[in-house]
Visitor: 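Shown below is the structure under consideration.
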Amino acid sequence: MSLERSEEMFNKAKSLLPGGVSSPVRAIKPYPFYTESASGSIIRDVDGNEYIDYCMGYGPNIFGHGDPDIKRAIIDQLDKGWLYGTPIENEYKLATRISDLYPSIDMLRFVSTGTEATMSALRAARGFTGKDKFIKIEGGFHGAHDAVLVQAGSGATTHGKPDSLGVPESFTRHTLQVPYNDIESLVSRIESNKDEVAALIMEPVMGNIGPILPDEGYLEEVRKVTEENDILLIFDEVITGFRLAMGGAQEFYGVTPDMTTLGKIVGGGLPIGVFGGKREIMEKVSPSGGIYQAGTFSGSPAVVTAGLAVIDKLESENVHENLNTLGDEVRVRLAEIVQDLNLNYSVSGIASMFKIFFSERPSNYQDIQKCDKQGYVEFFKRMLNDGIFLPPAQFETNFLSTCHTREEIETTIQAYESNLK
Ligand SMILES: *Cc1c(COP(=O)(O)O)cnc(C)c1O
């Protein structure tokens with residue numbers, strides 16, 4: 001497999017873009033392939049190689065690349081112009097659909113990224129409650145803004161240490177952390193910060209270190225404890241929204257948060273974020289209230305139009321049932337391979353997300369530290385060489401789309417088997 005032109009392009013990019021890329025995860029070593037085009041489940045690089053894609057833009061492309069219905073909707077909008085700085089009807093229509101599907105969302109605001117959505121949701125939660133502190137889950141990813149750039153490393157730290165240079169410690173002083181799947185830690189963290197915690201923000205299914213699933217009853221307990229202590233529960237459903245079910249993880253698990261953030265799928269592949277929740281909270285967002293939030297590109301015409309097209313298509317084609325069944329099959333097959341090869345690995349996932357951890361089954365951020373990350377990198381390279389593009393990091397999940405055929409899945413499973421061997 002030649003990657004000559006990709007290498008050339010990367011060498012040029014390196015002197016202009018930090019690490020040669022526009023987002024860190026794309027910096028595959030020694031250099032990433034450069035994409036020429038993509039359609040359906042296939043992504044093609046500039047050297048003429050083709051890959052079956054399980055990265056799918058890191059989640060948004062549930063209908064694969066270049067879906068004709070979404071494309072048509074976007075083009076129809078582009079014909080009418082693509083940035084007005086005024087409201088449009090589709091904005092209101094998409095809001096209606098989202099609010100109907102997510103009972104936790106009475107009102108919402110469109111923004112341009114998931115990062116912006118969680119940043120704004122936290123501001124709204126703090127503004128509404130008048131409290132400064134919030135709790136996040138160790139290893140939970142909520143985008144790249146200051147307050148949430150606290151991972152963990154040490155589960156014992158009460159006050160978050162920033163994970164990035166350039167984030168003053170004073171900015172993360174109010175960011176508390178607890179391990180996933182651990183109610184006792186949550187309860188004790190709340191006790192020691194009595195009446196000071198505005199919100200708990202969490203991915204209901206940990207998508208950015210995994211996927212790692214909630215233990216039986218965990219989300220229900222989280223809901224109960226936060227409610228009893230007057231703490232807003234924010235589900236960051238940027239990955240799980242429209243992925244697990246139309247109504248996201250909250251529908252799938254039957255647990256209703258106070259606020260929700262969405263992104264990825266709901267923009268049909270165009271940049272989007274959504275934050276919303278109870279009416280009394282969201283009415284405090286500007287201009288109806290004093291919690292400031294604004295954006296030139298928020299509710300951008302082509303984006304909300306693509307979002308409507310995605311929801312229509314998801315509803316009309318029974319997508320989740322089929323995809324989730326396919327996901328189950330893939331996970332069973334992979335688990336068999338792992339078992340047959342006597343590997344100390346675990347297959348994880350839910351709905352149309354799957355991943356092999358190069359470790360025993362983890363249930364939180366501490367556990368995943370035991371993964372053989374170097375082993376995964378080697379595995380990733382071999383899979384790529386066999387024409388299969390998985391997310392390059394051990395902790396990014398694989399996504400199925402409606403475009404993946406039986407034949408492609410079969411090819412993929414065989415490649416898993418030979419490369420794991
Ligand atoms: C991707 C992601 C974000 C950030 O969204 P961007 O659009 O990349 O800013 C936030 N939360 C979760 C759970 C995500 O997976």
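This one's a predicted model, so the numbers in the text were calculated from it and none came from an experiment. Every number for a ligand or one of its atoms is a count from 1 in the order of the listing. Side chains included, hydrogens not; waters and symmetry mates left out as well; all remaining heavy atoms used.
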Visitor: Is Lys264 in contact with ligand 1, taking contact as a heavy-atom separation below 4.0 Å?
Guide: yes

Visitor: Which residue supplies the protein heavy atom nearest to atom 4 (C) of ligand 1, what is that atom called, and how far is it?
Guide: Thr115 N, 3.6 Å

Visitor: Can you tell whether the side chains of Glu169 and Arg173 come within less than 4.0 Å, N to carboxylate O?
Guide: no

Visitor: Should His142 be counted as touching ligand 1, given the test is an N or O pair under 3.5 Å?
Guide: no

Visitor: Where the side chain of Arg331 meets the backbone of Phe354, is there a donor-acceptor pair that is under 3.5 Å apart?
Guide: no

Visitor: When you look at CZ of Phe171, are more than 12 heavy atoms from neighbouring residues, nucleotides or ligands closer to it than 6.0 Å?
Guide: no

Visitor: For ligand 1, which atoms sit closer than 4.0 Å to a heavy atom of Ile239?
Guide: 15 (O)

Visitor: Would Glu203 count as a polar contact of ligand 1, with the cut-off being nitrogen or oxygen pairs under 3.5 Å?
Guide: no

Visitor: Cation-pi check for Phe63 against Lys313: NZ or CZ below 6.0 Å from the six-membered ring centre and within 45 degrees of the axis, yes or no?
Guide: yes

Visitor: Parallel, tilted or perpendicular: which fits the ring planes of Tyr180 and Tyr218, with parallel below 30° and perpendicular above 60°?
Guide: perpendicular

Visitor: If we only count N/O pairs under 3.5 Å, is Asp236 in contact with ligand 1?
Guide: yes

Visitor: Quick check on contacts: which atoms of ligand 1 are under 4.0 angstrom from a heavy atom of Thr113?
Guide: 7 (O), 9 (O)

Visitor: Below 3.5 angstrom, do we get any N/O pair linking Gly114 and ligand 1?
Guide: yes

Visitor: Heavy-atom contacts under 4.0 Å between Thr261 and ligand 1: side chain, backbone, both, or neither?
Guide: neither

Visitor: Taking only heavy atoms of Asn208, which atoms of ligand 1 are found under 4.0 Å from at least one of them?
Guide: 12 (C), 13 (C), 14 (C), 15 (O)

Visitor: Would Phe379 and Tyr416 count as a close aromatic pair, with their ring centres under 6.0 Å?
Guide: yes

Visitor: Decide, yes or no, whether a salt bridge links Asp132 with Arg126 under the criterion of side-chain N to carboxylate O below 4.0 Å.
Guide: no

